[in-house]
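A short write-up of the structure that comes next.
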Amino acid sequence: MKKTLLATAIAGALAASGAQAATIYNEDGTKLDLYGNIQLAYSSVENGEGSTEDELFDNGSTVGINASHMITRDLTAYMKAEWEHDVDEAKIDDGIENGDQAYVGVKGNFGDLRVGSWDPIIDDWAQDKITNNEFVDVSDSSTDAAGLASAAGFSSIDREGDKVQYASPSFGGFDFALGVQYKGDAEDESGFSPVEDGYTSQDDEAAFFGGVRYTVGGLQLAAIYDSLDNYTFESAAGDLEAEAYALSAVYGFGATTLAAKYERTDLDYGSDDGEVDRYGLSARHGFNFGDVYGGYQFVDAQDAAYIVDDNAGTFNNAGTLDTGGDEEYNEFLIGATYNLSASMYLWAEAGVYDREEDADDFVATGVLYSF
């Protein structure tokens, strides 16, 4: 579920876009909530070869539980667990088979300390401010990390798992979060299944991330850093590595939210360096019956076109990236929702990614029911 909140304001003034979770137990300081949603969608996407590919698919249907227990008046233990299921082909697939967010923690006057799996700070505090859409978003540093892994011959990345994070309370409008993502030697996924060119990933690594925010009235400013140390790939020619930075500004007034983002990914691949700079703007306006929204991002990919151009570049055996040179892109996304009830809404979106042969341009629509 991409659109979990109707972004009509920020910092405590956000309005829920769907029904509330069902409380199934609430006694003696212990509370248990059950929630979930069914999402079905249809998309038609340009494949970059002069034709389109379409499908009816599950768009992230989820069931989850929240639980909390008051240890003292000033200290609460809590947990959250979510599972995804494929409703479009429920008889073919295994039903509820994949985990989503899952974590356990304690919170109180000191702040919030948690461990587990959840979205990166750079996603929540910067990327989602531009396009937290139903179908897909504009490209970002997660795109870059995946492109780096793919070009080195590795199969996947994990931006959410194995994290420990501390989030502070607000100090006169300021708050911050610090954490690490730890991938130990014994973890199967830390190897990312290398398949070619002699690259190995860096195991036993605690990758640092952190951010600071300032909120005053309807304005929120944020700065975020992510070392991406778990996506360093070693070879005889040198390391392939990246790190990400982001700045964001969000202003909410009435039913309208405006946002801006600058995001940078620095890349070091063997004998070459490169960077991807992204400048994003977005607007969202809520009505009684739904909302309309749009986002724009300019992408300046210096010597790193492969990252945002469908991973077209590859590394040769000398550790040098083979690309077509510098690239610039304009990414546009627009969308709208229509509420059928407090629990159900329809949505439609379209996107243009400014790639060769219109690759990844799309139209999509869907329905969501939640409780």
Between E263 and I122, is there a side-chain heavy-atom distance shorter than 4.5 Å? yes

Return yes if some donor-acceptor pair links the side-chain N/O of Q297 with the main-chain N/O of S139 below 3.5 Å, else return no. yes

May I ask whether I224 and I130 are part of the same hydrophobic cluster, defined by side-chain heavy atoms of I, L, V, M, F, W, Y residues being less than 4.5 angstrom apart, directly or through others? no

Set out, in order, the CA-CA distance, both residues' side-chain angles and the distance that settles salt bridge (charged side-chain N to carboxylate O under 4.0 Å, His left out) for R278 and D140, then state yes or no. CA-CA 8 Å; R278 293 180 171 88; D140 53 42; over 6 Å; no

Evaluate the side-chain proximity of M344 to V367: yes if any heavy-atom separation is below 4.5 Å, no if none is. yes

Heavy-atom side-chain proximity of V63 to L34 below 4.5 angstrom: yes

Could you give me the CA-CA distance, side-chain angles and deciding distance for R159 and D123, then say whether salt bridge (charged side-chain N to carboxylate O under 4.0 Å, His left out) is met? CA-CA 10 Å; R159 292 295 305 277; D123 187 0; over 6 Å; no

Do the ring centers of F176 and F174 come within less than 6.0 Å of each other? no

Under 4.5 Å between any side-chain heavy atoms of D229 and F208, yes or no? no

Aromatic rings F287 and F289: how do their planes relate, parallel, tilted or perpendicular, breaks at 30° and 60°? parallel

Is Q39 reaching over with its side chain to a backbone N or O of G60, donor-acceptor style, under 3.5 angstrom? yes

Side chain to side chain contact (heavy atoms under 4.5 Å, CB included) evaluation trace for S370 with L368: CA-CA 7 Å; S370 65; L368 181 148; 3.8 Å; yes

Evaluate the side chain to side chain donor-acceptor pair (under 3.5 Å) criterion for residues S227 and E243: first the C-alpha distance (whole Å), next the side-chain angles of each, then the deciding distance (0.1 Å), finally the verdict. CA-CA 5 Å; S227 70; E243 57 184 352; over 6 Å; no

Heavy-atom nearest pair, T30 first then Y25, reads O-CD2, 3.6 Å

Verify the distance criterion only: is there a donor paired with an acceptor across the side chains of Y78 and N66 at less than 3.5 Å? no

Got more than 12 heavy atoms from elsewhere within 6.0 Å of OH, Y338? no

Transitively linked via ILVMFWY side-chain contacts under 4.5 Å: F298 with V138? no

Using side-chain heavy atoms (C-beta onward) and a distance below 4.5 Å, is K163 in contact with F209? yes

Within a strict 4.5 Å, meaning less than it, do heavy atoms of the S44 and E53 side chains meet? no

Quick one: does Q165's side chain get under 4.5 Å of Y103's, heavy atoms only? no

Considering only heavy atoms from C-beta outward, does the side chain of F110 approach that of L75 to under 4.5 Å? yes

